[in-house]
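Only one structure is covered here, and it is reproduced in the block below.
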Protein chains: 2
Amino acid sequence: MDEKQFLAEYDKRQYDSPLVTVDAVMFTYHEECLKVLLVGRSNHPDQGKWGLPGGFVDLERDSTLEDTVRRKLKEKTGIEPPYLEQLQSIGNAKRDKRGWSVTIAYTALMAYQSCEAHIATVTDAQWLALDVVSQMDLAFDHQAIIGLARERMRQKALYSIVPAYALPEAFTLPELQHLHEVLIGKSLQKKSFRRRIEQAELLIDTGEKRSEGGRPAALYRMKQASGAYTFVRNLED
Amino acid sequence: MDEKQFLAEYDKRQYDSPLVTVDAVMFTYHEECLKVLLVGRSNHPDQGKWGLPGGFVDLERDSTLEDTVRRKLKEKTGIEPPYLEQLQSIGNAKRDKRGWSVTIAYTALMAYQSCEAHIATVTDAQWLALDVVSQMDLAFDHQAIIGLARERMRQKALYSIVPAYALPEAFTLPELQHLHEVLIGKSLQKKSFRRRIEQAELLIDTGEKRSEGGRPAALYRMKQASGAYTFVRNLED
DNA sequence: TGCAAATAGTGACTTATAGACACCTTGCTG
DNA sequence: CAGCAAGGTGTCTATAAGTCACTATTTGCA
């Protein structure tokens with residue numbers, strides 16, 4: 001055993017470390033409402049309850065926290081979500097019966113359609129409407145984490161077009177606006193909304209249309225640029 | 001050993017957990033420049049280098065992550081900072097020689113004056129100007145974490161008056177404006193700045209003045225309200 | 001076939017907010 | 001008491017957001 005290894009072992013043993021998990025609040029938009037991906041817990045703490053997808057870091061397979069989240073989400077949905085953002089970490093002595101525990105929570109978005117087939121094959125995961133979820137008794141503090149994520153998305157809806165990641169690749173502006181309205185909790189002015197979208201220059205008109213009982217709406221998709229923010233007020237989110 | 005304890009032990013052993021630390025980027029404003037609190041590392045990984053104040057969660061004494069940060073900061077500065085906010089968690093296999101490690105990083109602000117006396121007694125901690133720090137070789141990924149914190153504060157300076165927590169309890173608007181200018185990296189319009197402050201209604205005129213070679217400036221202090229945000233655009237930060 | 005209903009998208013006025021900058025105010029100093 | 005230096009304000013302009021009526025394009029049905 002060389003010195004490096006020795007130190008690694010030595011240092012590790014000095015401290016009793018909290019448990020470390022990641023959890024993801026994965027939102028989507030389907031049938032005019034926001035849905036969250038929940039999984040049924042099959043193991044001890046809070047067994048039988050529904051909770052957020054997530055779990056322990058696999059020290060061998062994962063090289064970053066994001067790897068862990070992506071891996072866990074892929075297990076449930078079959079794909080990696082197009083939008084993933086760290087939300088907040090919650091760590092205290094009480095949140096897990098097993099003792100001191102830290103979770104690094106993420107918010108993710110994806111289109112309902114992109115995992116519809118896969119999720120049907122997974123018995124322990126499903127999309128649930130947010131207003132149903134808020135009445136449920138979830139595992140750990142997952143209800144509170146969903147609340148945080150929801151509030152974060154509300155902010156995004158006000159100033160960015162990040163929520164578009166919860167829609168299929170091609171979508172219409174009325175669709176996007178409605179999603180924003182659901183997130184914000186009030187109706188928006190059509191004109192203002194469109195102006196914002198236009199100024200952001202983050203969407204491209206695909207040229208195609210989709211009809212819905214009236215004049216057909218133009219289909220847009222996101223530019224594959226790095227940041228998806230409406231207000232580039234002075235850079236960054 | 002009852003069942004609960006047994007399960008606790010059982011579950012804990014199933015997983016090899018990453019190391020968990022907290023780190024704080026504590027800013028202050030002194031002599032017209034931003035400073036960060038750094039500590040000299042006396043232990044193995046990166047021994048001898050400067051790094052952020054922080055350390056391991058003490059499972060006995062701390063009941064939340066914030067407790068850990070507050071405790072660590074109090075050790076170095078003698079007081080708990082008036083502003084503390086979670087910044088971001090960083091976790092990967094490479095950042096610490098000892099192996100997989102997660103740090104929950106915080107941003108904190110306090111007045112230079114409130115710990116001047118105490119910090120003089122602590123040999124391993126000191127305030128360093130940010131532009132000096134950016135040239136240094138810091139422990140772990142602390143340089144990057146400071147960069148994140150700095151960017152976050154820049155955002156705060158644009159839309160809030162949170163940076164005021166880096167000033168003494170009573171301060172003048174020109175002082176606050178200059179701090180914001182340093183954070184943002186460009187000069188601000190006096191009138192616009194004051195308008196924003198006024199609209200926010202988060203400061204109170206103490207009635208006192210402070211002279212500085214010209215007309216004396218009014219001294220303000222923060223209202224002890226909950227949120228310290230300028231733009232209550234639609235609630236929340 | 002053509003008219004009404006329904007949904008998409010625009011024009012143009014109003015209102016709110018931020019930027020610019022000249023000007024006034026208040027203290028200090030010689 | 002003049003004039004400098006720094007604080008603080010009045011007001012015009014520019015830009016972005018809100019409002020709402022109007023136009024546009026489809027479907028469905030008399």
Side-chain angles (χ1 to χ4, degrees), chain A residues 31-32 154-161 164 167 170-182 184-221 229-235, chain B residues 32 154-161 164 167 170-221 229-235:
Chain A
E31 288 169 341
E32 317 243 302
R154 207 179 80 88
Q155 294 304 318
K156 297 281 181 197
L158 286 168
Y159 307 125
S160 81
I161 55 168
L167 298 176
F171 53 86
T172 68
L173 291 194
E175 255 177 337
L176 181 58
Q177 180 176 343
H178 192 264
L179 165 54
H180 278 239
E181 286 171 342
V182 169
I184 295 168
K186 70 173 194 188
S187 62
L188 296 171
Q189 213 65 29
K190 196 166 42 166
K191 183 69 185 191
S192 309
F193 184 75
R194 301 179 81 97
R195 228 176 346 216
R196 239 182 57 193
I197 303 289
E198 201 168 305
Q199 279 172 10
E201 295 187 289
L202 294 167
L203 298 186
I204 323 181
D205 190 334
T206 61
E208 291 173 283
K209 309 268 176 192
R210 173 190 301 159
S211 193
E212 188 103 27
R215 171 173 170 177
L219 280 167
Y220 291 84
R221 57 183 172 74
Y229 298 102
T230 303
F231 273 29
V232 184
R233 281 199 163 287
N234 265 290
L235 235 30
Chain B
E32 316 244 303
R154 208 179 81 88
Q155 294 304 317
K156 297 282 182 197
L158 286 168
Y159 306 125
S160 81
I161 53 168
L167 298 176
F171 54 87
T172 68
L173 291 194
E175 256 178 335
L176 181 59
Q177 181 176 342
H178 191 265
L179 164 54
H180 278 239
E181 286 171 342
V182 169
L183 280 167
I184 295 169
K186 69 175 195 187
S187 62
L188 295 172
Q189 213 64 31
K190 196 163 46 166
K191 182 69 183 190
S192 308
F193 184 74
R194 301 179 81 95
R195 231 177 344 217
R196 238 182 57 189
I197 303 289
E198 202 169 303
Q199 279 173 11
E201 295 186 290
L202 294 168
L203 298 186
I204 324 181
D205 190 334
T206 61
E208 293 173 281
K209 309 268 176 194
R210 174 189 301 159
S211 193
E212 188 102 28
R215 172 173 171 179
L219 280 166
Y220 291 84
R221 59 183 172 74
Y229 297 103
T230 303
F231 274 28
V232 185
R233 279 199 165 287
N234 265 291
L235 235 30

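Every chain is numbered from 1, with letters handed out A, B, ... down the list of sequences. What you see is a predicted model; the values in this text were computed from it and never measured.
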Checklist line | R194(A) side chain to Q189(A) backbone, donor-acceptor under 3.5 Å | finding: no
Checklist line | Spacing between E198(B) atom CD and dA18(C) atom C1', to the nearest angstrom | finding: 14 Å
Next item on the list: Rounded to the nearest angstrom, tell me the gap between atom CG in L173(A) and atom P in dA24(D).
Entry: 19 Å
Note to self: On DNA chain D, does the nearest nucleotide to G213(B) precede the nearest nucleotide to G213(A) from the 5' side, or the other way round? Give the residue.
What the structure shows: G213(B)
Item checked: Side-chain-base donor-acceptor pair under 3.5 Å for K191(A) and dG18(D) -> no
Note to self: At less than 4.0 Å, is any side-chain N or O atom of S211(A) found next to OP1 or OP2 of dT26(D)? Yes or no.
What the structure shows: no
Pairwise N/O distances under 3.5 Å, protein to nucleotides 23-25 of chain C:
unit_1, atom_1, unit_2, atom_2, d
dT25(C), O4', R215(B), NH1, 3.4
dT25(C), O2, R215(B), NH1, 3.0

Item checked: Which residue lies more 5' along DNA chain C, comparing G214(A) with K209(A) via nearest heavy atoms -> G214(A)
Next item on the list: Round to the nearest Å and state the distance from L188(B) atom CG to dA20(C) atom P.
Entry: 10 Å
Item checked: Contacts of type side-chain hydrogen bond (donor to acceptor under 3.5 Å, both in side chains), residue E201(A), not counting sequence neighbours -> none
Margin query: Measure CG/L158(B) against P/dT17(C) and give the value in whole Å, please.
Written below: 18 Å
Notebook entry, point to check: Taking the side chain of A217(B) as heavy atoms from C-beta outward, which of dT25(D), dG8(D), dG18(D) is closest to it?
Noted result: dG8(D)
Item checked: Identified side chain to side chain contact (heavy atoms under 4.5 Å, CB included) counterpart of Y220(B) within the set L176(B), L203(B), I197(B), L167(B) -> L203(B)
Notebook entry, point to check: What about R195(A), does its side chain sit under 3.5 Å from the base of dG9(C) through a donor-acceptor pair?
Noted result: no
Item checked: Spacing of I197(B) atom CD1 relative to dT17(C) atom P, expressed in whole Å -> 16 Å
Check: In whole angstrom, what separates H178(B)'s NE2 from dG8(D)'s P?
Finding: 16 Å
Next item on the list: List for me each residue that meets ring-ring contact (aromatic ring centres under 6.0 Å, His included) alongside F171(A), sequence neighbours excluded, and say none if there are none.
Entry: none
Check: Can you tell me how far P of dA21(D) sits from CD of Q189(A), to the nearest Å?
Finding: 11 Å
Margin query: I'd like to check the side-chain contact (heavy atoms from CB on, under 4.5 Å) partners of T206(A); sequence neighbours left out, ordered by chain and number.
Written below: E208(A), L219(A), R221(A)
Note to self: Tell me whether E181(A) at atom CD has more than 12 heavy atoms from other residues, nucleotides or ligands lying less than 6.0 Å away.
What the structure shows: yes
Distance-only criterion, 3.5 Å: show the donor-acceptor pairs between side-chain atoms of residues 210-217 of chain B and protein atoms not counting sequence neighbours.
unit_1, atom_1, unit_2, atom_2, d
R210(B), NH1, E175(B), OE1, 3.2
R210(B), NH1, E175(B), OE2, 2.9

Next item on the list: State which of dT19(D), dG8(D), dT26(C) makes the closest approach to the side chain of P174(B).
Entry: dG8(D)
Margin query: For a quick test of reading the model: is some side-chain N or O of Q199(B) closer than 4.0 Å to OP1 or OP2 of dA16(C)?
Written below: no
Margin query: Suppose we screen for salt bridge (Lys or Arg N to Asp or Glu O under 4.0 Å). Which residues come up paired with E31(A), at least two apart in sequence or across chains?
Written below: K35(A)
Checklist line | Among dT9(D), dG27(C), dG19(C), the nucleotide that comes nearest once only the side chain of R194(B) is considered | finding: dT9(D)
Notebook entry, point to check: What's the CG-C1' distance between D205(B) and dG8(D), to the nearest Å?
Noted result: 12 Å
Note to self: Need one value for E212(B): base, sugar-phosphate or nothing, where a base atom within 4.0 Å counts as base even if backbone is also close, heavy atoms only.
What the structure shows: sugar-phosphate
